[in-house]
Amino acid sequence: MLKKLFSHTAIYGLAPQISKIASFLALPFLTKELTSNDYGVYGLLTAYTTSISVLSVLGLRLVLVNSFYHSPGQYKWTWRQLYGFLNLWNVVYAVILGVLVLIVIPPEAVSNKWLIMFLNIIPLVFFGQTSTIGLTYYQLNQMPLKIASRSLFFGILTVVLNIVLIVHFKMGYMGWFWSNFIVGILNNISYWYPLNIKFKIKPIYNFKWRLVKKSLKVSLPVIPHHYSSYLLDSSDKVVMDFEKISTSDIGKYNVAYSVGNMFNALGVAGGYAIGPLMNEKYKKKDDYGARNLVFVMQIVFFYLTFIGSIWMKEVFQIMIKNASLSQLYPLAIIIVMSYNYRPMYLGAVNKLFYEEKTNFLWKLTLTAAIINVSLNLILMPFYGYKVAAFTTFAAFLYMGYAGYYYKAFKEINKANYHQFIWLVVTLILAVCAYEIVEYNVFVKIAISIGYSVLAFFAVFKINSKLQ
């Protein structure tokens, strides 16, 4: 089981990380051609478009997952009807998205507003949620290579397109929008053929409204939960815009956050890998087995985020060829360490998802989101854009650990997660990383070796329990 967790997480996570590494290697070329205004325009528009992205699937992915496990003999019939419904709904959603882009476009990008709008909505109109449903099929059937190969290919293609469009054609921030458009179209096409032809999951447009309504009753309570994730991940830049912080400063924050996105991607990959494995444990009434999987994932996250953080200064000095942007490594450390919330968060919510206790989730995630937005509104006028990294850290910790203390989880939980201990370790490691980053290289090498040995033995011990 542990071997499968690591192999699937590696497969899900390695391909995106290779593309992320390629993105890092491209930074010396891109940062010479881009300004903080370019980063600001792209980061701000991405934050706004992400703000409604949760509406694109209406939380119905949960219904797809549950029907696969609870109705293995007829889940495709359910999937086909929801596929048809989502294709029609995404035309409406594309109109909403297009209007939003026109409203929030920053002054620096007004000349390209219509083009940016069309580049955002065309994939939705033509493909709907094809890639989402195809990815879900491969994930649930534990076929990670099918997902990873796409992540690797399209990730590298995105980087290549960014270099060509931004460096060669001097397109600035528009290079990102064109790259995302081209890759979005090709990615959907890659899922359309196997989904519709090979697996016979074709959309049914004459769907049963009773099924759709029943599905929405389960899925709609998940929307505040997923929207809260947006408020934690991307709303910082929207609040900065509200507080009249310059596009340039927003761009600087976006550069620091781009490093955190690598670990966010790793958390998503780990979630794809650990979800089916935990569901198998729950099906066998083995809550302690599911918990130990979470413990392993948490230790791995501690290792990767801590090692990455103590070397953040050197990474920025080598990769960011821009004097003002290369000094943002302390912010990147806080953002990276905040993603240690992810494994323990999955420990609570995966059990709730399996038991279909979705009405509770919005309370947890929305509270965390309110903490983040409120602290930003209060503190940003006094401390500027940099405070957003610290408020995000605090909000993520709440979302990762508070769920264990809610009544809804306590009623269904059968295993002790020792969540307070993990929380304390998270805080200690964050403080240590923030200080150690300024140590000399030889001290950091010694710390890295010692920490690696410690992490290895911790994983080895838990593995013996899983066996």
Can you tell me which residue among [options] is in a ring-ring contact (aromatic ring centres under 6.0 Å, His included) with [X]?
X: Y42; options: W176, Y173, W178; answer: W176
X: Y404; options: Y345, F420, Y417; answer: Y417
X: F295; options: F301, Y288, W422; answer: W422

For the residue pair [X] and [Y], what are the closest heavy atoms and their distance?
X: L427; Y: F393; answer: CD2-CE2, 3.9 Å
X: S131; Y: N188; answer: N-OD1, 3.2 Å
X: Y383; Y: V387; answer: CB-CB, 4.0 Å
X: S219; Y: L60; answer: OG-CD2, 3.4 Å
X: V41; Y: A109; answer: CG1-CB, 3.7 Å
X: M312; Y: V336; answer: CE-CG2, 3.9 Å

What is the distance from atom [atom1] of [X] to atom [atom2] of [Y], rounded to the nearest 0.5 Å?
X: N112; Y: M171; atom1: CG; atom2: CE; value: 8.5 Å
X: I299; Y: L454; atom1: CD1; atom2: CG; value: 9.0 Å
X: I370; Y: Y398; atom1: CD1; atom2: OH; value: 9.5 Å
X: L328; Y: K313; atom1: CG; atom2: NZ; value: 13.5 Å
X: T136; Y: R61; atom1: OG1; atom2: CZ; value: 3.5 Å
X: L352; Y: E411; atom1: CG; atom2: CD; value: 10.5 Å

Would you please test Y341 and F396 for ring-ring contact (aromatic ring centres under 6.0 Å, His included) and show each step? CA-CA 6 Å; Y341 88 95; F396 272 144; 4.4 Å; yes
Indicate the ring-plane relationship of Y329 and F316, choosing parallel, tilted or perpendicular according to the 30° and 60° boundaries. perpendicular
Stepwise side chain to side chain contact (heavy atoms under 4.5 Å, CB included) test for K351 and D287: CA-CA 9 Å; K351 179 69 172 180; D287 283 43; 3.1 Å; yes
Quick one: ring-ring contact (aromatic ring centres under 6.0 Å, His included) partners of [X], sequence neighbours excluded?
X: Y282; value: Y354
X: F306; value: Y451
X: Y385; value: none
X: W89; value: none

Output all residues satisfying side chain to side chain donor-acceptor pair (under 3.5 Å) with E33, sequence neighbours left out; order by chain, then residue number.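 Listed in chain order: K170.
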Between [X] and [Y], do the side chains contain an N or O donor and an N or O acceptor separated by less than 3.5 Å?
X: N279; Y: N350; answer: no
X: S179; Y: N162; answer: yes
X: Y401; Y: T426; answer: yes
X: T392; Y: D236; answer: yes

Side-chain heavy-atom pair [X], [Y] within 4.5 angstrom cut-off:
X: E243; Y: L377; result: yes
X: I163; Y: V160; result: no
X: V425; Y: Q298; result: no
X: V294; Y: M344; result: yes

Under 3.5 Å: donor-acceptor pair, side chain of [X], backbone of [Y]:
X: R150; Y: K146; answer: yes
X: N90; Y: L86; answer: yes
X: N376; Y: V239; answer: no
X: E280; Y: A290; answer: no
X: S338; Y: I335; answer: yes
X: S56; Y: S53; answer: yes
X: N187; Y: G184; answer: no
X: D286; Y: G289; answer: yes
X: T305; Y: M337; answer: no

Evaluate the criterion side chain to side chain donor-acceptor pair (under 3.5 Å) for residue pair Y303 and S452; output intermediate values, then yes/no. CA-CA 7 Å; Y303 175 75; S452 299; 2.9 Å; yes
Is the CZ atom of F456 crowded by more than 12 outside heavy atoms at less than 6.0 Å? no
Derivation and outcome, side chain to side chain contact (heavy atoms under 4.5 Å, CB included), residues L64 and I133: CA-CA 8 Å; L64 299 177; I133 296 174; 4.1 Å; yes
V99, I116, L97 screened by side-chain contact (heavy atoms from CB on, under 4.5 Å) with I121, the one that passes: L97
May I have the step-by-step check of side chain to side chain contact (heavy atoms under 4.5 Å, CB included) for F177 and N120, ending in yes or no? CA-CA 8 Å; F177 290 110; N120 274 277; 4.3 Å; yes
For residues 441-449, which side-chain N or O atoms pair as donor and acceptor with protein atoms under 3.5 Å away, sequence neighbours left out?
{"unit_1": "K444", "atom_1": "NZ", "unit_2": "I310", "atom_2": "O", "d": "3.0"}
{"unit_1": "K444", "atom_1": "NZ", "unit_2": "E314", "atom_2": "OE1", "d": "2.8"}
{"unit_1": "K444", "atom_1": "NZ", "unit_2": "E314", "atom_2": "OE2", "d": "2.8"}
{"unit_1": "K444", "atom_1": "NZ", "unit_2": "V437", "atom_2": "O", "d": "3.0"}
{"unit_1": "S448", "atom_1": "OG", "unit_2": "W311", "atom_2": "NE1", "d": "3.0"}
{"unit_1": "S448", "atom_1": "OG", "unit_2": "K444", "atom_2": "O", "d": "2.7"}

Begin from the C-alpha positions of V296 and L293 and carry the test side chain to side chain contact (heavy atoms under 4.5 Å, CB included) through to its verdict. CA-CA 5 Å; V296 170; L293 289 169; 5.9 Å; no
